[in-house]
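Just so it is clear, the values below take in all heavy atoms, side chains as well, and ignore hydrogens, waters and symmetry mates. Nothing here was measured: the structure is a model prediction, and the numbers come from that model.
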2 protein chains.
Amino acid sequence: MSTTGFKQQLFQQFARVAKAMGHGSRLELLEFLAQGERSVDQLAKVSGLSVANTSQHLRLLLQAGLVTNRKAGQKVYYRLSGEDVVGLLASLRQVAERHLSDVSRLINDYLSVKDELQPVPATELLEMAREGIVTVLDVRPPEEYAAGHLPGAVNIPLAELEAHLDQLPEDQAVVAYCRGPHCVLAFDAVEQLRQKGFNARRLDGGLPEWRLEGLPVEQGIRS
Amino acid sequence: MSTTGFKQQLFQQFARVAKAMGHGSRLELLEFLAQGERSVDQLAKVSGLSVANTSQHLRLLLQAGLVTNRKAGQKVYYRLSGEDVVGLLASLRQVAERHLSDVSRLINDYLSVKDELQPVPATELLEMAREGIVTVLDVRPPEEYAAGHLPGAVNIPLAELEAHLDQLPEDQAVVAYCRGPHCVLAFDAVEQLRQKGFNARRLDGGLPEWRLEGLPVEQGIRS
DNA sequence: CTTGTATTCAATTACTTCATTGAATACTTG
DNA sequence: CAAGTATTCAATGAAGTAATTGAATACAAG
């Protein structure tokens with residue numbers, strides 16, 4: 001094989017991975033899988049895609065090496081191939097935010113209006129949590145919380161926040177987090193909490209980004 | 001705008017960037033641009049694409065925010081938008097290498113046969129160079145060398161290596177580098193040098209990866 | 001002002017991608 | 001064994017992508 005031929009094949013292979021990420025739905029599926037493994041049916045429900053369509057996208061992600069799968073009875077569970085995929089997604093997001101004005105405008109118009117404050121860096125939150133001066137709030141659905149969450153985090157899905165305010169100490173700061181840096185649930189939670197008089201902030205990033213920084217993750221349902 | 005609408009638009013924007021990288025030729029153009037800014041004509045020549053085709057690919061990369069351009073007379077010069085694009089390309093490459101068996105097989109069959117030794121980490125090379133116990137060899141074309149190179153690197157394009165062996169001290173180790181971790185030129189250089197009795201190794205990565213690690217870069221033609 | 005150079009644009013053709021639909025396959029339950 | 005469930009497959013039509021070709025545009029030189 002010539003040098004040119006080799007190079008072209010190599011770049012073509014790299015392009016396969018990029019192409020697999022070249023559709024909004026597949027990126028969303030990857031973000032869901034970053035929270036923990038899910039079945040096809042679960043992914044179809046949470047994404048709003050048909051099962052057949054979800055299956056097709058997952059097959060493409062599988063062929064690109066971004067996810068792996070395992071069978072359990074009739075169900076097929078998918079997961080990210082590794083933490084490096086989270087890193088790749090983070091890198092992609094950062095480039096888009098920085099160099100695409102459409103992206104920064106979209107984020108500004110929709111998210112920054114909800115929370116203009118800088119999010120709390122992960123290592124800073126870990127420090128505050130260890131000092132016991134903050135309440136960490138996970139606003140994702142329970143199954144995502146169970147798959148993995150920040151140590152000591154309280155799980156109150158956004159839809160139930162108003163009904164469970166009593167679970168949050170009023171004399172402490174609250175830092176909310178979600179699936180990733182642009183997950184609306186964390187923004188909405190902070191907005192609601194501030195309206196109720198809480199000192200609420202957002203975490204910089206979500207559970208996958210936290211884990212990517214090598215920070216500790218708990219699993220299971222809270223006692 | 002609804003939460004679902006916002007999320008879908010955001011993912012669609014991120015997908016734009018990924019899709020722009022979803023073609024082997026565009027990834028190759030990005031690797032060339034990682035060495036320094038180039039004109040359309042230069043990129044067409046070095047990539048083997050037609051000028052019109054090169055222009056089309058560059059326009060797509062521009063729209064995706066991966067490159068920027070400037071005009072100088074009749075020429076248009078393109079460059080990467082930022083170092084974060086190099087990081088994104090590195091991340092993509094790493095995921096492909098790790099999770100696509102076709103990629104690791106391609107690399108193994110074509111590159112590892114040329115050089116099975118582990119490449120020298122960048123920080124290690126910097127140390128050795130500072131101690132003056134190694135010769136750093138840049139085997140890229142002179143214009144890429146001029147745009148940026150490792151401090152103290154000697155520029156001998158591969159095609160001229162045999163004729164310029166006298167420029168390399170025989171009593172010192174030689175570490176060769178090129179455009180990136182899979183640039184064949186560095187592998188071929190090391191192969192040739194070993195055949196001539198030199199103690200030759202490769203750098204882990206190329207000039208863009210070196211710069212991404214925050215290491216010093218020189219510019220211009222060597223005195 | 002004309003000619004040459006560099007680049008971009010638009011149209012075309014062929015190919016690929018995407019969502020849908022219905023069928024096929026595999027596993028579970030009664 | 002039949003019916004139900006979960007998932008994948010294949011075909012289809014619409015939309016998008018990629019290379020080529022020739023034209024258009026912009027700038028430079030004589």
Which part of the nucleic acid does B:Tyr77 contact within heavy-atom distance under 4.0 Å: base, sugar-phosphate only, or nothing?
nothing
Examine A:Arg70 relative to A:Tyr77 and say whether NZ or CZ is less than 6.0 Å from the centre of the six-membered ring and inside a 45° cone about the ring axis.
yes
Is there a donor-acceptor contact under 3.5 Å linking the side chains of B:Arg59 and B:Gln56?
no
Using heavy-atom distances to pick each residue's nearest nucleotide on DNA chain C, tell me which of B:Lys19 and B:Val40 is more 5'.
B:Val40
Compute the angle between the rotation axes at the two ends of the helix from C:dC1-D:dG30 to C:dG30-D:dC1, each taken over five pairs, rounded to 10 degrees.
20°
Is B:Glu209 salt-bridged to B:Arg179, cutoff N-O under 4.0 Å?
no
Answer yes or no: does a side-chain N or O of B:Lys71 lie under 4.0 Å from OP1 or OP2 of D:dA26?
no
Of all heavy-atom pairs between [X] and [Y], which one has the smallest distance, and what is that distance?
{"X": "B:Asn155", "Y": "B:Pro142", "value": "OD1-CA, 3.4 Å"}
{"X": "B:Met21", "Y": "A:Ala18", "value": "O-CB, 3.4 Å"}
{"X": "B:Arg211", "Y": "B:Gly148", "value": "NH2-CA, 4.3 Å"}
{"X": "A:Leu207", "Y": "A:Gln35", "value": "CB-OE1, 4.1 Å"}

Rounded to the nearest 0.5 Å, how far apart are OH of B:Tyr78 and OG1 of B:Thr68?
10.0 Å
Does anything in residues 41-69 of chain A reach DNA chain D, meaning a heavy atom under 4.0 Å, and if so which residues?
A:Asp41, A:Val51, A:Ala52, A:Ser55, A:Gln56, A:Arg59
Would you say the rings of A:Phe14 and B:His23 are close, in the sense that their centroids are separated by under 6.0 Å?
no
Heavy-atom distance under 4.5 Å between the side chains of A:Val174 and A:Val136, does that happen here?
no
Anything under 4.0 Å to a heavy atom of chain B counts; send over the first and last such nucleotide of DNA chain C, read 5' to 3'.
C:dG4 to C:dA11
